[in-house]
Peer 1: 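Got a structure for you, questions after.
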There are 2 protein chains.
Amino acid sequence: MGTKDRKEREKEELRELILRAAKDIFFEKGYAQTSIRNIADRIEYSPGTIYLHYKDKDSIFHALQQEGFKLLRQQFGVLQVVADPFERLKAMGRLYLKFAMENPEYYDLMFVIRAPMNVLEEEACWDEGQTAFNVLVNVVQECVQQGHFKGHDAEEMAYVIWSTMHGMATLSIRGRCRVISDEKRETIEILGYETFVQMLNCI
Amino acid sequence: MGTKDRKEREKEELRELILRAAKDIFFEKGYAQTSIRNIADRIEYSPGTIYLHYKDKDSIFHALQQEGFKLLRQQFGVLQVVADPFERLKAMGRLYLKFAMENPEYYDLMFVIRAPMNVLEEEACWDEGQTAFNVLVNVVQECVQQGHFKGHDAEEMAYVIWSTMHGMATLSIRGRCRVISDEKRETIEILGYETFVQMLNCI
DNA sequence: AAACTTAATGAACAGTGTTCAGTAAATCAA
DNA sequence: TTGATTTACTGAACACTGTTCATTAAGTTT
């Protein structure tokens with residue numbers, strides 16, 4: 001009989017319900033306001049129930065982090081059609097920045113906030129991040145094979161590129177871009193990105 | 001009579017005592033563990049007393065943030081002896097990274113954590129950050145006058161440079177550098193910095 | 001000595017993450 | 001169908017958190 005199956009399905013549904021509520025509150029009111037009690041209230045369960053489906057608060061945010069990586073992967077997927085590796089690399093940078101600006105909460109969870117990283121054991125750590133970085137390294141490697149970045153190691157180049165994109169993203173997300181003059185502030189990420197691409201072009 | 005003077009001195013001393021305790025706990029056990037009660041316990045005062053000297057928890061961290069900027073300013077001070085602006089710019093980058101790696105807690109407070117920024121009113125916001133960025137823009141401007149970064153706006157260049165350094169710093173501080181291969185991880189910031197300087201050189 | 005000022009307290013409030021004994025419903029075995 | 005067992009869920013309790021405020025005690029002034 002399918003009782004067990006139904007039970008497992010219901011269990012999975014509640015797990016998903018918790019995650020949706022957590023995401024909604026997190027996106028609406030921020031990390032601090034996303035408490036176990038607030039999540040429980042919203043789905044009309046008691047706080048204790050949350051712990052039947054998630055080890056602790058951190059692991060809820062870890063699940064949301066993975067959701068963020070899934071979304072980023074999906075968006076990166078369309079870049080497969082770009083044949084030229086350097087063009088693909090540039091499109092990746094643009095898309096990465098776009099993702100960060102449009103999904104600052106996800107970005108924060110994926111690349112800034114410490115909480116979802118506490119969940120990771122010493123062994124299997126941050127697989128999603130590793131995979132994403134590998135994709136970047138591979139593209140850079142292809143660029144190298146086509147004659148770009150002469151005399152530079154692919155992983156090193158990938159790291160510098162990632163750092164610059166990540167720096168722009170986090171300065172913006174964490175409110176440190178007030179230092180930019182008014183007329184440029186709105187578009188500084190795009191301007192900065194273009195400048196950086198020019199630097200990549202001439203190396 | 002100097003009673004009033006003494007009183008004010010004592011008041012200032014307690015303010016300083018609170019800040020020292022807050023800094024120690026923050027550096028030892030991190031942001032989450034730095035509670036008002038823990039601070040009060042350490043200096044053997046009641047929690048209420050803290051609020052006679054600081055508006056709230058955020059403003060304690062704001063005071064620590066300013067301390068961080070003071071330290072960074074001091075370290076940057078020695079670079080005044082470097083006459084050539086491009087050499088000074090490169091030294092600034094090195095020093096900025098060194099500061100971030102040696103004082104990750106201060107760096108976090110200055111450039112990542114949101115809390116000390118909540119204190120800022122809409123008007124006078126993040127003066128220390130603004131001043132620091134201006135210093136960078138000025139050095140870049142000098143470089144431009146010497147023929148560097150042809151056709152590029154100084155503020156834009158400064159932003160890209162800052163983003164890259166900030167990106168490297170935060171990836172490291174927030175534990176996102178596990179993706180780098182073992183043999184490079186230890187020195188990736190230096191390797192990355194050198195690669196970036198080469199990019200600056202050929203633009 | 002009395003009046004006033006100031007500094008410090010610590011209990012109280014409303015919140016937090018997390019645990020766990022207890023309950024009630026659903027399922028299984030006889 | 002009844003009794004035993006498993007399962008899902010509850011909500012009170014614990015030890016915390018930031019913050020406020022009436023009360024107390026000490027110091028200063030008149």
Side-chain angles (χ1 to χ4, degrees), chain A residues 1-19 21-23 25-26 28-65 109 113-119, chain B residues 1-19 21-23 25-26 28-65 109 113-119:
Chain A
M1 65 176 55
T3 304
K4 214 161 201 169
D5 291 8
R6 197 201 68 221
K7 280 281 174 94
E8 256 175 50
R9 202 163 3 98
E10 283 174 357
K11 199 159 180 165
E12 187 47 51
E13 274 167 17
L14 184 46
R15 214 183 129 86
E16 189 57 29
L17 191 65
I18 292 167
L19 204 59
K23 191 211 148 188
I25 299 173
F26 174 57
E28 281 167 29
K29 317 207 174 149
Y31 183 81
Q33 287 297 312
T34 312
S35 69
I36 299 293
R37 276 174 187 78
N38 287 345
I39 297 169
D41 278 358
R42 181 162 300 211
I43 61 175
E44 295 176 292
Y45 278 83
S46 83
T49 304
I50 309 282
Y51 287 90
L52 300 174
H53 297 87
Y54 289 94
K55 195 185 140 285
D56 53 22
K57 196 186 168 180
D58 284 357
S59 71
I60 295 175
F61 283 102
H62 179 67
L64 285 179
Q65 186 193 67
L109 233 39
I113 291 178
R114 281 211 193 84
M117 306 293 279
N118 299 336
V119 155
Chain B
M1 65 174 55
T3 304
K4 214 162 204 170
D5 290 8
R6 197 203 66 221
K7 281 282 174 94
E8 258 176 49
R9 205 168 355 103
E10 284 174 355
K11 198 159 179 164
E12 186 49 48
E13 275 168 16
L14 185 45
R15 214 183 129 86
E16 188 59 27
L17 191 63
I18 292 167
L19 205 59
K23 191 209 148 189
I25 298 173
F26 175 57
E28 282 168 28
K29 315 202 176 156
Y31 182 81
Q33 286 297 309
T34 312
S35 68
I36 300 293
R37 278 175 186 79
N38 287 345
I39 296 169
D41 278 357
R42 182 163 299 209
I43 61 174
E44 294 176 294
Y45 277 83
S46 83
T49 305
I50 309 282
Y51 287 89
L52 300 173
H53 296 88
Y54 290 93
K55 192 185 141 288
D56 53 21
K57 198 187 168 182
D58 284 357
S59 71
I60 295 175
F61 283 101
H62 179 67
L64 286 179
Q65 186 192 66
L109 235 39
I113 291 177
R114 284 213 191 84
M117 307 292 281
N118 299 335
V119 153

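Everything quoted here is computed from the prediction, not taken from an experiment. Proteins get letters first, then strands, A, B, ... in listed order; numbering begins at 1 in each.
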Peer 1: Expressed in angstrom and rounded to an integer, what is the separation of B/E10 atom CD from D/dG27 atom P?
Peer 2: 10 Å
Peer 1: Just checking A/E44: does its CD atom have more than 12 heavy atoms from other residues, nucleotides or ligands closer to it than 6.0 angstrom?
Peer 2: no
Peer 1: Take the protein atom CD of A/E8 and the nucleotide atom P of C/dT27, then report the distance between them rounded to whole Å.
Peer 2: 14 Å
Peer 1: What is the distance, to the nearest angstrom, from the CD1 atom on B/I50 to the C1' atom on D/dT19?
Peer 2: 12 Å
Peer 1: Using a 4.5 Å cut-off on heavy atoms from C-beta on, say whether the side chain of A/R15 contacts that of A/E12.
Peer 2: yes
Peer 1: Rounded to the nearest Å, what distance is computed from the NE2 atom of residue A/H53 to the P atom of nucleotide D/dT10?
Peer 2: 10 Å
Peer 1: Report all interatomic pairs (protein N or O, nucleotide N or O of nucleotides 11-15 of chain C) with separations under 3.5 Å.
Peer 2:
residue : atom : partner : partner atom : Å
C/dA12  : N6   : B/R37   : NH2          : 3.4

Peer 1: Near B/E28 CD, under 6.0 Å, is it more than 12 heavy atoms from other residues, nucleotides or ligands?
Peer 2: yes
Peer 1: So, is A/T49 near the phosphate of D/dT10, with a side-chain N or O under 4.0 Å from OP1 or OP2?
Peer 2: yes
Peer 1: Please report, rounded to the nearest Å, how far the P atom of D/dT19 is from the CD1 atom of B/I39.
Peer 2: 10 Å
Peer 1: Between atom CD1 in B/I60 and atom P in D/dT17, what is the gap in whole Å?
Peer 2: 13 Å
Peer 1: Drop me the distance from A/S35's OG to A/D41's CG, to the nearest 0.5 angstrom.
Peer 2: 7.5 Å
Peer 1: Can you work out whether B/A32 or A/E44 has the more 5'-proximal nearest nucleotide on DNA chain D?
Peer 2: A/E44
Peer 1: Can you pull out how bent the helix from C/dA1-D/dT30 to C/dA30-D/dT1 is, comparing the axes over its first five and last five pairs, to 10°?
Peer 2: 20°
Peer 1: How long is the span from the CD atom in B/Q65 to the CG atom in B/D58, to the nearest 0.5 Å?
Peer 2: 11.0 Å
Peer 1: Could you tell me if the side chain of A/L14 sits less than 4.5 Å from the side chain of A/L52, heavy atoms only?
Peer 2: no
Peer 1: Compare all side-chain heavy atoms of A/I36 with those of A/Y51 and state whether any distance is below 4.5 angstrom.
Peer 2: yes
Peer 1: Which listed nucleotide (D/dT10, C/dT18, C/dG10) is nearest to the side chain of B/S46?
Peer 2: C/dG10
Peer 1: Which of these nucleotides, C/dT19, C/dT9, D/dG18, is closest to any side-chain atom of A/Y51?
Peer 2: C/dT19
Peer 1: What protein N or O atoms touch nucleotides 23-26 of chain C N or O atoms at under 3.5 angstrom, if any, and at what distances?
Peer 2:
none

Peer 1: Between C/dA7 atom C1' and B/K11 atom NZ, what is the distance in whole Å?
Peer 2: 8 Å
Peer 1: With respect to the side chain of A/K57, which nucleotide from D/dT20, D/dT10, C/dG17 is positioned closest?
Peer 2: C/dG17
Peer 1: To the nearest 0.5 Å, how far apart are CD in B/E16 and CD in B/E13?
Peer 2: 9.5 Å
Peer 1: Taking side chain to side chain contact (heavy atoms under 4.5 Å, CB included) as the criterion, tell me which of B/T34, B/D56, B/V119, B/I113 meets it with B/F61.
Peer 2: B/T34
Peer 1: With respect to the side chain of A/L52, which nucleotide from D/dT19, D/dA8, C/dT9 is positioned closest?
Peer 2: D/dA8
Peer 1: Can you check whether A/I43 reaches A/T49 side chain to side chain, under 4.5 Å on heavy atoms?
Peer 2: no
Peer 1: About how many Å separate OH of B/Y45 and CG of B/L17, when rounded to the nearest 0.5 Å?
Peer 2: 7.0 Å
Peer 1: Ignoring hydrogens, what is the shortest heavy-atom contact between A/I39 and A/A22? Give both atom names and the distance.
Peer 2: CD1-CB, 3.8 Å
Peer 1: Between atom CD1 in B/I36 and atom C1' in C/dA8, what is the gap in whole Å?
Peer 2: 16 Å
